[in-house]
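The structure under discussion appears below in the form of structure tokens.
Here the structure is a predicted model, which is why all the values come from computation and not from measurement.
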Amino acid sequence: MFRHHALGGVSVVAIPATLLASAGIASAQSGEKVLPPVTVESHPPAPRPAHNPVRPTPVARQHTVPTAAAQNRPVVVVTTEGADSNGSLGTPPAVSRFQLPQKSFSVTSKQIDETINLKDPEDAVKYLPSLFVRKRNDGDNQAVLATRSWGVNSSARTLVYYDDLLISALIGNNNTNASPRWNLISPEAIGRIDFLNGPFAAAYPGNSIGGVLLISSKMPDKPFAVAKETVSVMPWDQYGTKDVYPTSQTSAAAGNREGKLSWLVSANYLDTFQQPLTYTTNGTLPAGTTGAFSALNKQGVPADVVGTGILAHSQQTSANLRLAYDVTPLVRATYSLGIWNNHQVSDPQTYLRSAATGAATFAGISGFATAKYIWDQTQLSNAVSLKSDTKGVYDFDISALSYNYLQDTQLNPFTVAAAGTGFSSNGKITRMDGTNWQNVDAKGIWRPFGFDGPQEISFGIHGDRYDLENPVYASSVWNATSSTGTGALYSSGSGETRTGALWLQDAWKLTPDLKLTLGGRLESWQALDGFNLNTTATSAGVITSTAAINQPGLSSTNFSPKASVSFDPNKDWNITANFGEAYRYPTVTELYQNLTVGGVATFANPFLKPEQDFTGELNIERKWVDGRVRLTLFSERTNDAIISQTNLVTNPATGAQTPTTVVSNVDAIRMQGVELSAEKDNVFVTGLQLFGSVTHVDSKILADASWAGTNPLTGLPTTVVGKHVPYVPDWRAKVGVTYRPNESWAYTVAARYSGKQYSTLDNTDVISHVYGAFDNFFVVDMKIHYNATKNFAFDFGIDNIFNEQYFLFHPFPGRTFVLAGKYTF
């Protein structure tokens, strides 16, 4: 079952080395049946000798050559925090290095330690303005990052990097197998996180429409080690499930710098029992049974809850190794290795009882079988980079990444037994091992007038390749079978996408207070070798027909201009206007992946067109030494927006319901809004920090000529023009306060709010607080952080203090108690 496909058997060092060589290639029911309605810090860089490049005069412009003293400076690529008392207010290193025009929000490891109940790496962005991570449980490996104008179905509209490693899974644009690979990061290795808004930098592809999240590790310059144990407990009472779900997490990191070599190793182990992630519903009450919860779905169609769907226990292990070697005092080579393993078992629970005997029964509802599974995953990432840090006329970055699914196998029974709570002996084997992707980037920086001069030109070349392998085999014994079962295929989806790009950016300081940045990105994309095999089968799993389709190839070449103007009226104020056009190309799973995972059926669309996005914003910012406030007005129009939507499809013969996702292009959508954010230390009293943000988005579908939907209740045609864009809430808000009376204690209380959002194009999902709905919610968290000694620290926190019960399709976590202890060596 542990089968290595494609690149899986190649040396973990040979893969990125080969890539590097080719860098030039282009209202819900609870236990009482009714739920209440809800209307871096980093180590300082080594000292550098003084470096004072000669400034040119307007008449005679000369190239500045680094001085001899400058040439002997050691390379420093660790994160920095700026000179302010609040490290998150400093300019992110990537922004400084490439003169990126985006505005940013940041959080340091010290702030994370003191204010956030950190159980997974993605928890660290919890209070950053406008961001939301769809984390359904501790250890969720399907946590998508949503931004101010794009929702939880947009994993391919944001980019997430861990140092030089792209952990965004651009294999798809969904919240299942295309979620960022957060699991590759040990929480204790995080040094700093920076979020950059919008597609305004030519250095990033069109997947930056929603923004770019940069996670930096704690690369050491002296010996250090840290270990942390975190335990969380969540009581649960919803529909017919009442239980307590615990999570145990152990994380550690260690590193050192020895001469030219620095190293960082981190590891994380998570053992988590999860609340129900899905529920099994039926269009009618099964005859001869009791115990179902009468309910409607989000569109008002009967959807009685007859039991849980996915009810899982997950054990995850991840490890990372990062080696950095100073090839010369000015050039550093880095190698990163990450591996993640997940073993997950799901055992659904039925609420149904036989009216005659009182015994538990599945009542022949096949949906229970899709939630019964054994899932094993092992994924491996490799990245290499070579970068200079001369602070002179020229600098460069070269990087290559390879990511491989060494194992990804899910075993399901095909259906349930005719009576009782048993399952059929035959089943399905859903595989994605062999799926892989590679990215290569080469970037250069030219400073015609030296470091800190009035002009900086950056440029680069990019190439990527994403390969999908997704066969689903029939098996005679579902939980004890070979990797290909009987050899018969229920379905198969495979294909490949490739992108090559050239980009250029010119950043000019026209005056000391006025900066103009112009850029452009030329991209060529193609989809090829698309193949789908689909079958029909009897209720017992016997295949009755097969259809194999070789999908047509697709290609597109596009140019995306970028522009930014930044003006500083004085040292305290900044006004920045940004514009960017971007193309987001269809992912390989949007084109070719047809399958059912966890009870959700997905149908791809091999004829998708790239989406074209135009985004503009105006930022007005006021800074203090220990705070800032920023007002942003933004507007975005997307043509041919690729949008998926999930609805319950009812089998008219049996009443069984299957959540079904379809993908399509929407002709034009528009989103415009305002974002206000602020943070300030020492408010009224020393040590009191306030932070918060509020975002309003007015979203609208402008045109969709191909729409032909009907209202599921009336059967009458519906329209989508003028309706809200799916998954985009109208309001988001966050507010928090942290009090640090001294160096030992920190007390934080914070609240998060999300307003109304729809998940259907025609906005017919008007029933809230039911499974499958997308609810508004208001959640309050708290944390107490205590530095007991120089080495020991303890945390106690509660997430969702008031036990808000809400759905974002899935039921989201209730009140959770968190206790953690950390020892730093």
Establish, yes or no, whether a centroid distance under 6.0 Å links the rings of [X] and [Y].
X	Y	answer
F105	F195	no
Y758	Y727	no
F132	F777	yes

Quick check: closest heavy atoms across [X] and [Y], and the distance to 0.1 Å?
X	Y	value
A703	V666	O-CG1, 3.7 Å
P471	L489	CB-CD2, 3.8 Å
E636	S149	OE1-OG, 2.8 Å
Q505	P101	OE1-CD, 3.8 Å
V725	I643	CG1-CD1, 4.4 Å
I310	Y373	CG2-OH, 3.4 Å

For the backbone of [Y] and the side chain of [X], can you confirm whether one donor and one acceptor N or O come within less than 3.5 Å of each other?
X	Y	result
T281	A303	no
N470	R431	yes
S759	P726	no
H696	D730	yes
N532	Y592	yes
D140	K135	no
D667	A705	yes
K734	V694	no
T589	I171	yes
K723	D762	yes

Partner of Y771 under side-chain contact (heavy atoms from CB on, under 4.5 Å), chosen from T280, T278, L296:
T278
Contact check, side chains of [X] and [Y], non-hydrogen atoms, under 4.5 Å:
X	Y	value
T760	K298	yes
I642	P586	yes
F774	V152	yes
L170	D464	no
R134	H810	yes
H769	N776	yes
L608	L591	yes
W707	S664	no

For the atom pair [atom1] ([X]) and [atom2] ([Y]), what is the distance rounded to the nearest 0.5 Å?
X	Y	atom1	atom2	result
R181	S381	CZ	OG	10.5 Å
N639	L702	CG	CG	8.5 Å
I701	T638	CD1	OG1	11.5 Å
L502	S524	CG	OG	10.0 Å
I461	K443	CD1	NZ	13.0 Å
I429	Q410	CD1	CD	11.5 Å

Under 3.5 Å, which donor-acceptor pairs link side chains of residues 199-208 to any protein atom two or more places apart or in another chain?
residue : atom : partner : partner atom : Å
N207    : ND2  : A156    : O            : 2.8
S208    : OG   : P205    : O            : 2.8

Does the salt bridge (Lys or Arg N to Asp or Glu O under 4.0 Å) test come out yes or no for K103 and E675, once each step is laid out?
CA-CA 12 Å; K103 306 302 288 186; E675 176 186 75; over 6 Å; no
Side chains of [X] and [Y]: do they bring a donor and an acceptor to under 3.5 Å?
X	Y	result
D613	T615	yes
T435	D433	no
D194	S104	no
S155	S179	no
T764	Q299	yes
S458	W503	no

Checking F559 against Y583 for the side chain to side chain contact (heavy atoms under 4.5 Å, CB included) test, could you report, in this order, the C-alpha distance in whole Å, the side-chain angles of both residues, the deciding distance, and whether it holds?
CA-CA 8 Å; F559 178 74; Y583 286 84; over 6 Å; no
Could R465 and D467 be called an ion pair, given the rule that one side-chain N must be under 4.0 Å from one carboxylate O?
yes
Would you please test Q102 and N197 for side chain to side chain donor-acceptor pair (under 3.5 Å) and show each step?
CA-CA 6 Å; Q102 290 111 315; N197 268 314; over 6 Å; no
Could you walk me through whether S491 and N534 pass the side chain to side chain donor-acceptor pair (under 3.5 Å) check?
CA-CA 5 Å; S491 67; N534 301 307; 5.6 Å; no
What's the verdict on side chain to side chain contact (heavy atoms under 4.5 Å, CB included) for L522 and T557, showing C-alpha distance, side-chain angles and the deciding distance?
CA-CA 7 Å; L522 178 65; T557 300; 4.2 Å; yes
For S402 and N404, run side chain to side chain donor-acceptor pair (under 3.5 Å): C-alpha distance rounded to whole Å, both residues' side-chain angles, the deciding distance at 0.1 Å, then the answer.
CA-CA 7 Å; S402 177; N404 290 271; 3.1 Å; yes
For side chain to side chain donor-acceptor pair (under 3.5 Å), just list the numbers for W375 and T430, CA-CA rounded to whole Å, side-chain angles, deciding distance to a tenth of an Å, and then say yes or no.
CA-CA 9 Å; W375 195 2; T430 302; over 6 Å; no
With Y466, the ring-ring contact (aromatic ring centres under 6.0 Å, His included) member among Y403, W437, Y585, W525:
W437
Decide side chain to side chain contact (heavy atoms under 4.5 Å, CB included) for N558 and Q612; before the verdict, give the C-alpha distance in whole Å, the side-chain angles of both, and the deciding distance to 0.1 Å.
CA-CA 9 Å; N558 309 97; Q612 179 189 32; over 6 Å; no
More than 12 heavy atoms from other groups under 6.0 Å of NZ on K609
no
Name all residues meeting the side chain to side chain donor-acceptor pair (under 3.5 Å) criterion together with T587; count only those two or more places apart in sequence or in a different chain, and write none if there are none.
E590
May I have the step-by-step check of side chain to side chain contact (heavy atoms under 4.5 Å, CB included) for L131 and T147, ending in yes or no?
CA-CA 5 Å; L131 300 187; T147 60; 4.0 Å; yes
